[in-house]
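Residue numbering restarts at 1 for every chain, and letters A, B, ... go by the order of the sequence lines.
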Amino acid sequence: MTDLVPKKPSLDGLEAKWSERWEAEHTYRFDRAKTRDEIFSIDTPPPTVSGSLHMGSVFGYVQTDAIARYQRMTGKEVFYPMGWDDNGLPTERRVQNFYGVRCDPSLPHDPEFAPPQEPYDPPRPISRRNFIDLCHILTEEDEQAFEHLWRTLGLSVDWTQTYATIDRHSRRVSQRAFLRNLARGEAYAQEAPVLWDVDFQSAVAQAELVDKERQGAFYRLAFRRPDGTPVHIDTTRPELVPACAALVAHPDDERYAALVGSTVRSPLFDVALPVIAHPLAEPDKGTGIAMVCTWGDLTDVVWWRELDLPTRPVIEPTGRFRAATPDWIDSEEGRTAYRELAELFPNQARRRIAALLDEGGHVVGEPRPVTHAVKFYEKGDRPLEIVSSRQWYIRNGGRNEELRRTMLNLGDELDWVPDFMKVRYRHWVEGLNGDWLISRQRFFGVPIPLWYPVRDDGGVDYDNPLIPTEESLPVDPSSAAPPGYDEGSRGRPGGFIADPDVMDTWATSSLTPQIAGHWEDDVDLFTRVFPMDLRPQGPEIIRTWLFATLLRSHLEHGSSPWAGTSINGWILDPDRKKMSKSFDNVVTPLPLIEEYGAEAIRYWACKGRPGADTAVDFGVMKIGRRLAIKVLNASRFALGFGATDRKEDITEPLDRAMLAALLATVEQATAAFDEFDYARALETAERSFWQWTDDYLELAKTRAYGDGATSRSAHAALRMALSVYLRLLAPTLPFVCEEVWSWWRQGSVHRTAWPQPEEFAGLVGDPVVLEHTAEVLSAVRGAKSTAKVSMRAPVESVTVSASEEVAAALRRAEGDLKAAARTESIEYVPGDLAVTVRLAQ
RNA sequence: GGGCGCUUAGCUCAGCGGAAGAGCGCUGCCUCGACACGGCAGAGGUCACUGGUUCAAUCCCAGUAGCGCCCA
């Protein structure tokens, strides 16, 4: 047997060499002949491809890959698909900027349209279908860039198992799941106040909200009692006075007890308003009595609903005040005042009405500046308004205690890594205050697969939607006709109209186990991989992706979609601040891979503890690179002798002591990986490996260069240890371990069995032999270092003060110690451990 | 304002009830038959702060402060 050990091994080119070889040899191809208990299935997060490639993307995926590689080596067939999250607003925005276009659904499809070389300026309006074509073109480029990055990083993904959340298969799964929710009554439509982004012209869900601090001002307005005396109200939104439906005060508030049940009139508009008691009114806030408008904030929605108040919306979905003067304003003065506000945006209307109120003497004192939290869409630039709109919802427990408890229990049953992340899920579920709004008034997404009949009088029958068959999915109701209708009757009396909306991106992403496992379309595959073993993901999407996936699986399958979930930490910039946009753009993974090598980036990612926030650290990457190089060089040394793999040859006490230490390392690394703790597994293997090179290799070196039985013991021990170390490090450093493996072994190290304790049977010596010998060697090195001489400098004598046990252990490896220390003489005296070194002249 | 996490050597982080650890950086030495994309050695810390529990606390408990994430 001839080993193919290069003279000067190098890391250069290993990524390209091995990623090609793995692809050609189907190293990571999923074998679906295996049964469920032989399979480890991973519900990989589909990265959002419309963003740039950044270090946050790399971090979690590499950690998951290390776990996947470990599982594969333990004999599991790993189902490790990759998806791309390409639907939704980020893609639309990117297409708008990249090509300089905007979607105008009223335009007809232009079959001649081709993507421009340069972005249009000003932006050119194009049809919905042309717009969606551009979304596909751009996301495909992005997906290729991601795949290249993942391959260069060595992710052991089965690249035949890929999906995109907008592809035909995902749309089919997403629409089928929705129709099942609809059939079971879990999905429902409702005309209701929704949080509305006026720029995106779309409803926004609870999970997408952020609060932002905004400067505002409290105006104290005078409403009038029947006797003409004022009731003072503090508000930051005086422009909503025309939308006012009532005043509310706390039931225990004695100041207003007499007023409750009476009627007051609003300033300027002179609308009659009931005064009502409600416990949500805060006596400490402002004057303690509040105006209820439809709708200024979410509390208004609660009051409006619970008190059954009239609906008086003034802000349209466009974000402007309605043009027509509302009919509930019946005084001439009031109608004149409203015309001043018509078609203004809220901030403009606020300035105008403030002036009008002031002129009319309705304002008390000066407005008082205040900083308050205002709700925004997380990607939006203007405050959300609340408008009335017909939307689709999925029940999630926000309005149902029993379902909420079920969702909490499912969370409790999951195996969370790290455990403390579970609390974040619990708090989110406990804080849900409404069902999940899934319809979005957008273009690039999975369409809601419904039509509605148009009655003969032209009205739309929203209560009896027309439903496609599951076989016909996916459908685009805006271009296909419902069963039993033809296209000619679209929009006509007696015909139909399409639901114009698409689903929330999470409504599809929440089905990644079903999409990847080909639910219903490939029942055989699905039963082999579902429920999955592991969902790895980021901490910030526990409330969205994790919760929604758990919900959909519970509703459809009555079970959790996975056995466990691992939550990775947050990436920080080198100053341990939150990763800033600018820094993130500077530090992209590919140039770093060029500079340090993929192994170095993987090493950095795997050094981050599960769930621990981790700073981008080039120093750690350098250490990773050094480790990879060390693997090459140490392997060259270990394989440089007689090619004996006979375990019976391993007889020397030092060699057997080394194997004892290695066995302990194997056991610790295995335990860590079994708990998904790739970081501890790496650290254990790494520390052991460095000790192996620093101490054992130096001690065994001289004997290894000789021949005879004691030399053969070293040769066999070196090769056995190397085989174990390569396998221990392979999950973290897949390229370099595979490279070395190829010098002397058949097949891929990644398809070789993880080291087993049984391999060490009959070979384990007393570990203290190596420990004490290394201590004495270290003392000799220290003496030489202090004397500023070479480590090769001869030593006249070494005197070891030690207990009888320690001395006995040292004697068992005395030949190796003498050779490594360069001495002919080691003497032992009884006493506490101490080493005296006399250097030769 | 609430929840969760973090705070250990100049830096990045392990350790988490029984005499403070690693790597980087720094200093010094060493080109010796795996490795200068090296090796060896050395210096460097009232384990954020204040209380408490314990024979014993970096580790457990309570509080304070700073940082981060999630949410109001």
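- Taking the side chain of A/F420 as heavy atoms from C-beta on, and the options B/G3, B/C4, B/U12, the nearest nucleotide is B/C4.
- Among A/N396, A/T544, A/D504, the single residue meeting the side-chain hydrogen bond (donor to acceptor under 3.5 Å, both in side chains) criterion with A/W436 is A/D504.
- The residue among A/G619 and A/E683 whose nearest nucleotide of RNA chain B lies closer to the 5′ end is A/E683.
- Spacing between atom CZ of A/R792 and atom P of B/G39 amounts to 18 Å, rounded to whole angstrom units.
- Computed from coordinates, the A/E686 CD to B/G23 P distance equals 10 Å when rounded to whole Å.
- In this structure, A/F59 has its ring center closer than 6.0 angstrom to the ring center of A/W604.
- No side-chain heavy atom of A/W744 sits under 4.5 Å from any side-chain heavy atom of A/V5.
- Contacts of A/S635 with the nucleic acid, taken as non-hydrogen atoms under 4.0 Å apart, are absent.
- Of the candidate nucleotides B/C13, B/C32, B/C35, B/C35 has the atom nearest to the side chain of A/N633.
- In the set B/U12, B/C37, B/G39, B/G39 carries the atom at the smallest distance from any side-chain atom of A/W690.
- Using Watson-Crick or G-U wobble geometry with both donor-acceptor distances under 3.5 Å, B/U50 finds its partner in B/A62.
- Residue contacts shown for A/W604 are absent, as no nucleic acid heavy atom lies under 4.0 Å away.
- Between A/F637 and A/F641, the ring planes lie perpendicular to each other; the angle is over 60°, past the 30° to 60° tilted range.
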* **Test side-chain contact (heavy atoms from CB on, under 4.5 Å) applied to A/L432 and A/F547, step by step** => CA-CA 11 Å; A/L432 286 171; A/F547 171 71; 3.6 Å; yes
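- B/A43 and B/C69: their C1' atoms are spaced 38 Å apart (whole Å).
- Partner assigned to B/A57 is none, using Watson-Crick or G-U wobble distances below 3.5 angstrom.
- If you check every strand for non-hydrogen atoms under 4.0 Å, A/R609 touches sugar and phosphate atoms only.
- B/G15 and B/C59: their C1' atoms are spaced 9 Å apart (whole Å).
- Proximity of A/T786 to the phosphate of B/G42: no side-chain N or O atom is located under 4.0 Å from OP1 or OP2.
- Spacing between atom CG of A/D419 and atom P of B/C4 amounts to 13 Å, rounded to whole angstrom units.
- Across the C1' atoms, B/C26 and B/C11 are found 12 Å apart, a figure rounded to whole Å.
- Of the candidates B/C4, B/A14, B/C29, the closest approach to any side-chain atom of A/V423 belongs to B/C4.
- Between A/R822 and B/C32 there is no side-chain N or O to OP1 or OP2 distance below 4.0 Å.
- Considering A/R626, A/R680, A/K607 in turn, A/K607 is the only one that fulfils the salt bridge (Lys or Arg N to Asp or Glu O under 4.0 Å) rule with A/E686.
- Summarising the geometry, the separation between CG on A/D694 and P on B/G39 is reported as 7 Å, rounded to the nearest angstrom.
- Only the P atoms considered, B/G10 is 13 Å distant from B/A48, to the nearest whole Å.
- Nearest nucleotide to the A/D613 side chain, out of B/C13, B/G33, B/G68: B/G68.
- Nearest nucleotide to the side chain of A/H427, out of B/G33, B/G3, B/U12: B/G3.
- As judged by a 4.0 angstrom heavy-atom cut-off over every strand, A/R781 is placed among residues touching the sugar-phosphate backbone only.
- Taking the C1' atoms as reference points, B/A19 lies 14 Å from B/A57, given to the whole Å.
- For a distance-only test at 3.5 Å, the side chain of A/S785 qualifies as a donor-acceptor partner of the base of B/G28.
- The partner of B/C4 is B/G68, by the rule that a Watson-Crick or G-U pair needs both atom distances under 3.5 Å.
- Across B/A72 and B/C16, the matching P atoms stand 36 Å from one another, rounded to whole Å.
- Comparing the C1' positions of B/U58 and B/G18 gives an interatomic distance of 13 Å, to the nearest angstrom.
- Whole-Å rounding puts the A/L627 CG to B/C24 P distance at 12 Å.
- Phosphate proximity of B/G39 to A/R626: present, with a side-chain N or O under 4.0 Å from OP1 or OP2.
- In this structure, A/K8 reaches the sugar-phosphate backbone alone: every heavy-atom distance under 4.0 Å involves primed, P, OP1 or OP2 atoms, never a base.
- A cation-pi arrangement is present between A/R535 and A/W545 under the rule of less than 6.0 angstrom and at most 45 degrees off the ring axis.
- Contact annotation for A/K630: base contact, defined as any heavy-atom pair under 4.0 Å involving a base atom.
- Counting non-hydrogen atoms under 4.0 angstrom, A/R687 reaches nothing in the nucleic acid.
- For the C1' atoms, the distance from B/U31 to B/C40 is 13 Å, rounded to whole Å.
- Note on A/I623: only backbone sugar-phosphate atoms sit closer than 4.0 angstrom, heavy atoms only; bases stay farther off.
- Remark: the A/Y70 side chain and the A/T670 side chain contain no N/O donor-acceptor pair separated by less than 3.5 Å.
- Pair assignment for B/C40 gives B/G28, based on Watson-Crick or G-U wobble hydrogen-bonding distances that are each under 3.5 Å.
- The residue among A/K701 and A/V789 whose nearest nucleotide of RNA chain B is located toward the 5' end is A/V789.
- Atom-to-atom, NZ of A/K788 to P of B/G28 comes out at 8 Å; the value is rounded to the nearest Å.
- Checking B/C4, B/G15, B/C37 against every side-chain atom of A/I629, the shortest atom distance belongs to B/C37.
- Checking B/G39, B/U12, B/C69 against every side-chain atom of A/W570, the shortest atom distance belongs to B/C69.
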